[in-house]
2 protein chains.
Amino acid sequence: MHAISIGAVSRETGIKVPTIRYYEDIGLLPAPDRTESNRRTYDAQSIQRLRFIRHARDLGFEVEAIRQLLDLSDQPDRSCAEVDVIARAHLSEIDDKIARLTALRSEVKRMVEEGEHGRVAQCRVIEVLGDHAGCLHERH
Amino acid sequence: MHAISIGAVSRETGIKVPTIRYYEDIGLLPAPDRTESNRRTYDAQSIQRLRFIRHARDLGFEVEAIRQLLDLSDQPDRSCAEVDVIARAHLSEIDDKIARLTALRSEVKRMVEEGEHGRVAQCRVIEVLGDHAGCLHERH
DNA sequence: CTTGATCCTCTAGTCACTGGAGGATGTAGC
DNA sequence: GCTACATCCTCCAGTGACTAGAGGATCAAG
């Protein structure tokens with residue numbers, strides 16, 4: 001288990017050094033061990049956790065949602081009911097996101113393909129995300 | 001085409017009033033007409049545009065990406081080459097997002113289902129977003 | 001043993017909102 | 001017409017999630 005410096009973790013994950021320290025501050029990433037000279041030392045697991053955080057943020061999940069998902073992962077043997085409520089909520093959030101991305105995808109794809117043989121007649125990216133979802137659940 | 005107040009638009013879209021004004025400030029939403037008493041008046045199209053912005057933000061697209069998508073929609077008869085470059089870039093971003101969401105979805109789903117008959121053995125939400133994508137494209 | 005990269009903490013700036021103060025305007029009931 | 005209360009306006013300050021820089025210590029190569 002050789003120790004990994006914060007800079008190496010940053011290169012490995014694509015997350016900037018100050019951001020890694022920030023995640024530690026807000027408690028998304030446990031405070032790592034330090035060397036005698038006070039430098040943070042990480043292991044492979046920290047890298048995996050940070051990669052998860054990065055992907056989840058990139059997918060539009062808020063820090064609070066990520067914290068919940070990480071908690072599920074940290075203590076998987078909690079009460080089923082609790083896990084179930086949290087997991088189900090995220091599941092439907094994820095399903096919504098997939099549905100909307102798929103709709104957007106097919107419209108953008110159509111444009112690319114039309115462009116291949118002639119001109120793009122029109123762009124309906126706006127229409128495609130209309131509102132069929134949206135109004136069902138409150139926002140925060 | 002009856003005029004819609006900013007408050008009505010806010011209720012309709014779920015976007016808060018100050019946020020609507022903010023989108024106008026940064027040029028995502030064109031400045032609407034005003035009444036004699038200086039109040040903003042919107043139409044159905046504004047609502048659709050705002051809904052698009054909301055969904056896109058919720059899916060993790062940055063304002064700049066949304067601006068590009070809206071521009072495609074505003075001037076669809078531009079040079080094919082230009083549309084193609086932009087649309088293709090967004091298409092692969094969208095595909096990445098869908099792939100990662102799908103992976104996350106199946107893991108969260110597994111947890112819900114395991115919870116239904118017994119205990120959740122373990123949670124692998126972190127592992128599932130490992131890194132198979134991620135390192136391919138720089139981040140900003 | 002110097003030089004340059006990397007680390008530390010701390011503070012301040014950015015992006016995308018969000019909320020509040022202070023004041024004008026619209027609308028519903030008397 | 002008059003009061004009451006919601007809604008609008010502008011402007012400015014605060015929040016969440018980073019991001020960058022100052023000032024200084026430490027490490028690793030030559």
Side-chain angles (χ1 to χ4, degrees), chain A residues 2-43 46-47 49-70 134 138-140, chain B residues 2-43 46-47 49-70 134 138-140:
Chain A
H2 55 161
I4 308 169
S5 74
I6 197 169
V9 170
S10 172
R11 278 186 297 278
E12 205 66 30
T13 59
I15 302 178
K16 305 201 166 125
V17 169
T19 307
I20 297 171
R21 294 197 271 248
Y22 171 74
Y23 287 149
E24 183 183 328
D25 278 358
I26 63 170
L28 273 196
L29 192 67
D33 292 343
R34 303 273 184 133
T35 64
E36 295 121 52
S37 62
N38 200 35
R39 300 188 168 201
R40 291 168 177 83
T41 56
Y42 297 93
D43 55 19
S46 324
I47 292 178
R49 196 176 175 97
L50 279 167
R51 274 208 259 259
F52 175 79
I53 295 171
R54 176 154 103 65
H55 287 302
R57 288 291 300 133
D58 195 40
L59 292 168
F61 290 95
E62 291 172 12
V63 164
E64 208 37 54
I66 297 172
R67 198 189 301 275
Q68 283 184 7
L69 288 167
L70 287 171
E138 304 294 285
R139 240 167 107 65
H140 323 304
Chain B
H2 56 157
I4 308 167
S5 74
I6 196 168
V9 170
S10 171
R11 280 187 296 278
E12 204 67 29
T13 60
I15 301 177
K16 305 199 165 129
V17 170
T19 307
I20 297 171
R21 294 197 270 248
Y22 170 74
Y23 287 149
E24 183 183 329
D25 278 358
I26 62 168
L28 273 195
L29 192 67
D33 291 343
R34 303 275 185 131
T35 65
E36 295 122 52
S37 61
N38 200 34
R39 300 189 167 201
R40 292 169 177 82
T41 55
Y42 298 93
D43 54 20
S46 324
I47 291 178
R49 195 176 176 97
L50 279 167
R51 274 209 258 260
F52 174 79
I53 295 171
R54 177 155 104 64
H55 287 303
R57 289 290 300 134
D58 194 41
L59 292 169
F61 291 94
E62 291 173 11
V63 164
E64 208 38 52
I66 297 171
R67 198 189 300 276
Q68 284 184 5
L69 288 167
L70 286 172
E138 303 295 284
R139 241 168 107 67
H140 326 310

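Every chain is numbered from 1 and lettered A, B, ... according to where its sequence line falls, protein lines coming before strand lines.
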State whether [X] places a side-chain N or O below 4.0 Å from either non-bridging phosphate oxygen (OP1 or OP2) of [N].
| X | N | answer |
| --- | --- | --- |
| B/Arg21 | D/dC9 | yes |
| B/Tyr22 | C/dC15 | no |
| B/Arg34 | C/dT25 | no |
| B/Arg57 | C/dC17 | yes |
| A/Thr19 | D/dC18 | no |

Could you state the [atom1]-[atom2] distance from [X] to [N], rounded to the nearest angstrom?
| X | N | atom1 | atom2 | result |
| --- | --- | --- | --- | --- |
| A/Arg54 | D/dT19 | CZ | P | 11 Å |
| B/Leu29 | C/dA16 | CG | P | 16 Å |
| A/Asn38 | C/dT9 | CG | P | 6 Å |
| B/Leu50 | C/dC17 | CG | P | 11 Å |
| B/Phe61 | C/dA16 | CZ | C1' | 17 Å |
| B/Ile20 | C/dG19 | CD1 | C1' | 15 Å |
| A/Lys16 | C/dC8 | NZ | C1' | 20 Å |
| A/Ile53 | D/dC18 | CD1 | C1' | 13 Å |

Practice problem: Flag the pair A/Ile53 / A/Leu70 as yes when at least one side-chain heavy-atom distance between them is below 4.5 Å, and no otherwise. | Solution: yes
Quiz item: When the nearest nucleotide of DNA chain C is assigned to A/Ser5 and to B/Leu28 on a heavy-atom basis, which residue is associated with the more 5' position?
Solution: A/Ser5
Any donor-acceptor N/O pair, [X] side chain to [Y] backbone, under 3.5 Å:
| X | Y | value |
| --- | --- | --- |
| B/Thr41 | B/Asp33 | yes |
| A/Arg51 | A/Glu12 | yes |
| B/Arg54 | B/Gly14 | no |
| B/Ser10 | B/Ile15 | yes |

Just distance, no hydrogens or angles: give the donor-acceptor pairs under 3.5 Å from side chains in residues 20-30 of chain A, sequence neighbours left out.
{"from": "A/Glu24", "atom 1": "OE1", "to": "A/Arg40", "atom 2": "NE", "distance (Å)": "2.8"}

Exercise. Tell me what A/Ile6 touches on the nucleic acid: a base, only sugar-phosphate, or nothing, going by heavy atoms under 4.0 Å.
Key: sugar-phosphate
Quiz item: Using a cut-off of 4.0 Å between protein heavy atoms and nucleotide atoms, how would you tag nucleotides 22-28 of chain D 5' to 3' with B, S and -?
Solution: ---BBS-
Quiz prompt | Gap separating the CG atom of A/Leu50 from the OH atom of A/Tyr42, nearest 0.5 angstrom | solution = 7.5 Å
